[in-house]
Q: 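Before anything else, here's the structure in question.
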Amino acid sequence: MDAGVNYIVNNTGIPTSEWGKYKPAGVNPDGPSVDFSDLLSGKNQEIVSKLTDGAKKTLQRLKTNPNSISKRDWMDLTHELNAMGAISDLDYGWTRADFHFIPLGDMDNPFTTTEELRETMGRINQWPGNPLDYLDQWAFSLKKWGAQLSLERNPDGTPKYKDVSPVYKQMSACVRVSGVIKGLLSADLFASKQTR
């Protein structure tokens, strides 16, 4: 992969004719996404109560068998959360499972990708089945890549790249979306069934 490629297409099993239904909802365009600490203060129950049964089942499976989540289930869940404003459009866009936008940097001086980053993209494109692992792997790789880009220098010793913050912004989006899901997993998803 050369530096000019700005996305990796994943095989989701979702026909391209249905991809439009996963576009960002526009409810919370610029963020922020719901904060993990807000979720722990009780907002998680409120959000979970508004989810469809399918999304609740996906969360339950994440709790009991986290390695069995399909890309479609993950995209349905995150799209629902985006539609209710819990995940901002920006964070939703950076953490989609159907493709990854890769920050390119300055078009006159694009970021170089490392072999390790390409290997990580290959691994996560295989979809580990656990979306939280997927987000953690991607966030870790982006953080490492951003640090490597920050260290690169021109022959005169000046930084090679003016601004590597887009890499860190995508990393932070992964951390925030992971935090939203972890906060929702702390909710008692099926309290009414457990009391019977």
Side-chain angles (χ1 to χ4, degrees), residues 1-12 14 16 19-36 69 71-72 74-75 77-79 81-83 85-128 130-182:
M1 183 180 106
D2 64 32
V5 175
N6 67 350
Y7 67 94
I8 307 297
V9 175
N10 285 324
N11 180 7
T12 58
I14 299 171
T16 53
W19 281 18
K21 83 176 199 175
Y22 294 105
K23 68 181 184 188
V27 174
N28 181 7
D30 300 322
S33 293
V34 173
D35 185 76
F36 181 72
I69 309 302
K71 285 183 182 182
R72 183 187 284 264
W74 175 247
M75 289 175 61
L77 172 62
T78 56
H79 188 260
L81 292 168
N82 172 246
I87 295 176
S88 73
D89 288 1
L90 287 174
D91 289 350
Y92 173 68
W94 283 121
T95 58
R96 291 176 64 134
D98 52 348
F99 55 82
H100 299 293
F101 285 107
I102 307 297
L104 294 179
D106 185 342
M107 296 315 308
D108 296 326
N109 184 25
F111 297 151
T112 55
T113 56
T114 63
E115 182 65 29
E116 187 174 349
L117 182 73
R118 289 190 295 272
E119 287 174 9
T120 299
M121 286 189 284
R123 267 195 323 276
I124 64 175
N125 283 342
Q126 298 301 313
W127 190 248
N130 185 329
L132 297 177
D133 283 352
Y134 151 78
L135 289 175
D136 290 346
Q137 286 180 43
W138 191 229
F140 179 77
S141 291
L142 288 167
K143 183 177 182 180
K144 191 169 183 180
W145 185 41
Q148 290 168 331
L149 292 172
S150 297
L151 294 174
E152 290 191 36
R153 295 288 181 257
N154 292 314
D156 65 0
T158 59
K160 184 173 179 181
Y161 304 107
K162 289 186 249 175
D163 182 16
V164 298
S165 66
V167 174
Y168 292 114
K169 286 177 183 174
Q170 188 175 95
M171 179 210 69
S172 295
C174 291
V175 171
R176 282 190 297 272
V177 170
S178 179
V180 168
I181 299 301
K182 288 173 183 173

Q: Are Asn28 and Asp89 close enough that a side-chain donor and a side-chain acceptor fall under 3.5 Å?
A: no
Q: Roughly how far, to the nearest 0.5 Å, is CD1 of Ile102 from CG of Leu117?
A: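 The CD1 atom of Ile102 is 6.0 Å from CG of Leu117, to the nearest 0.5 Å.
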Q: Could you grab the distance from atom CE of Met171 to atom OG of Ser165, nearest 0.5 Å is fine?
A: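 Atom-to-atom, Met171:CE and Ser165:OG are 11.5 Å apart.
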Q: About how many Å separate CG of Leu135 and CD1 of Ile181, when rounded to the nearest 0.5 Å?
A: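 Spacing of CD1 (Ile181) from CG (Leu135) equals 8.0 Å.
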Q: Over all heavy atoms of both residues, which pair between Ser178 and Asp136 is shortest? Give the atoms and the distance, please.
A: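 The answer is OG-OD1, 3.9 Å.
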Q: Would you please name every residue forming a salt bridge (Lys or Arg N to Asp or Glu O under 4.0 Å) with Lys160, sequence neighbours left out?
A: Glu152
Q: Side chain of His79, backbone of Lys21: donor and acceptor closer than 3.5 Å?
A: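 Present.
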Q: What residues form a salt bridge (Lys or Arg N to Asp or Glu O under 4.0 Å) with Lys162, not counting sequence neighbours?
A: Asp106
Q: To the nearest 0.5 angstrom, please state how far the CE atom of Met75 sits from the OG1 atom of Thr95.
A: 10.0 Å
Q: Without hydrogens or angle criteria, can the side chains of Glu116 and Trp145 be said to hold a donor-acceptor pair below 3.5 Å?
A: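 Note: Glu116 and Trp145 side chains miss the donor-acceptor criterion.
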Q: Which value, rounded to the nearest 0.5 Å, describes the distance between Arg176 atom CZ and Leu90 atom CG?
A: 8.0 Å
Q: Checking the side chain of Asn154 only, and the main-chain atoms of Asp156 only, is there a donor and an acceptor separated by less than 3.5 Å?
A: no
Q: Among residues at least two apart in sequence or on other chains, which ones pass side chain to side chain contact (heavy atoms under 4.5 Å, CB included) with Thr78?
A: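 Only Trp74, Ile87, Tyr92 meet the side chain to side chain contact (heavy atoms under 4.5 Å, CB included) criterion with Thr78.
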Q: Taking only residues two or more places apart in sequence or in another chain, which ones pass salt bridge (Lys or Arg N to Asp or Glu O under 4.0 Å) with Lys169?
A: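 With neighbours one apart ignored, the set is empty.
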Q: Sequence neighbours left out, what passes side-chain hydrogen bond (donor to acceptor under 3.5 Å, both in side chains) with Glu119? Give chain and number order.
A: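 Glu119 satisfies side-chain hydrogen bond (donor to acceptor under 3.5 Å, both in side chains) with no other residue.
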Q: In terms of side-chain heavy atoms, does Thr113 have a donor or acceptor partner in Arg118 at a distance below 3.5 Å?
A: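 Per modelled atom types, Thr113 and Arg118 side chains form a pair under 3.5 Å.
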Q: Distance from Gln148 atom CD to Thr114 atom OG1, nearest 0.5 Å?
A: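 Going from the CD atom of Gln148 to the OG1 atom of Thr114 covers 5.0 Å.
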Q: Restricting to ring-ring contact (aromatic ring centres under 6.0 Å, His included), what partner residues turn up for Tyr161, sequence neighbours left out?
A: Phe111
